[in-house]
Amino acid sequence: MAIKIEKKQTEIPIEIGDLKFAFDVTDESIQRFRENAIKIQQELEVIDDEEEDFNKAKDILKKGFDVILGDGAFERVYQMTPSIPYLLNYFIQLVDGLTEEINDIGAIQERANKYLRKKK
């Protein structure tokens, strides 16, 4: 008798408008997301409404989208919605959604670890 175990998706699909992206859920990718998302959020918190800060926010968001969704992601999203305030909202939704998905994956891992500890 064969035991069949279905392969889990290693990507989280992400849609922003008509654009489609995928977030790789490898250990390395999750660690990079956690480190960079926190840094980018901290950088965005000090932004004012002045023109210089507006350009700075654009640079920070470019870094954030490209790190999380891959090189060129910011340009694709900005071409679809050329508005930094809207992109900031997209970025917040992206980080919140990925955090929730990653936490769900971590909960599954924790349950597996508890099960394995009980078996020992």
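Computed from heavy atoms alone, side chains included, the values below leave out hydrogens, waters and symmetry copies.
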Output all residues satisfying side-chain hydrogen bond (donor to acceptor under 3.5 Å, both in side chains) with E35, sequence neighbours left out; order by chain, then residue number.
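E35 satisfies side-chain hydrogen bond (donor to acceptor under 3.5 Å, both in side chains) with Q31 once adjacent residues are dropped.
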Smallest separation among heavy atoms of S83 and Y78, with atom names
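The pair with the smallest heavy-atom distance is N-CE1, 3.9 Å.
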Tell me whether [X] shares a hydrophobic cluster with [Y], the cluster being built from Ile, Leu, Val, Met, Phe, Trp, Tyr side chains joined at under 4.5 Å.
X: I84; Y: L19; answer: yes
X: M80; Y: I14; answer: yes
X: I40; Y: I92; answer: yes
X: V67; Y: I102; answer: no

How far does [atom1] of [X] sit from [atom2] of [Y], to the nearest 0.5 angstrom?
X: T81; Y: Y86; atom1: OG1; atom2: OH; answer: 9.0 Å
X: D27; Y: R32; atom1: CG; atom2: CZ; answer: 11.5 Å
X: Q93; Y: L88; atom1: CD; atom2: CG; answer: 10.5 Å
X: I30; Y: N103; atom1: CD1; atom2: CG; answer: 10.0 Å
X: K62; Y: D59; atom1: NZ; atom2: CG; answer: 8.5 Å
X: L61; Y: K63; atom1: CG; atom2: NZ; answer: 11.0 Å

Do we get K58 above F74's six-membered ring, with its NZ or CZ under 6.0 Å from the centre and within 45° of the axis?
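Not flagged: K58 not positioned over aromatic ring of F74.
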Min side-chain heavy-atom separation [X]-[Y] under 4.5 Å:
X: V95; Y: F33; value: yes
X: F91; Y: L44; value: yes
X: S29; Y: T26; value: yes

Please assess V77 against F21 for the test side chain to side chain contact (heavy atoms under 4.5 Å, CB included), listing each intermediate value before the final yes or no.
CA-CA 11 Å; V77 175; F21 301 95; 3.9 Å; yes
Tell me, which pairs form a salt bridge (charged side-chain N to carboxylate O under 4.0 Å, His left out) where one or both residues lie in residues 70-80, sequence neighbours left out?
none
By the salt bridge (charged side-chain N to carboxylate O under 4.0 Å, His left out) test, which pairs, at least two apart or in different chains, include something from residues 9-24?
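For residues 9-24: E15-K20.
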Decide yes or no on salt bridge (Lys or Arg N to Asp or Glu O under 4.0 Å) for K39 and E43, but give the supporting numbers first.
CA-CA 6 Å; K39 287 179 191 174; E43 289 178 35; over 6 Å; no
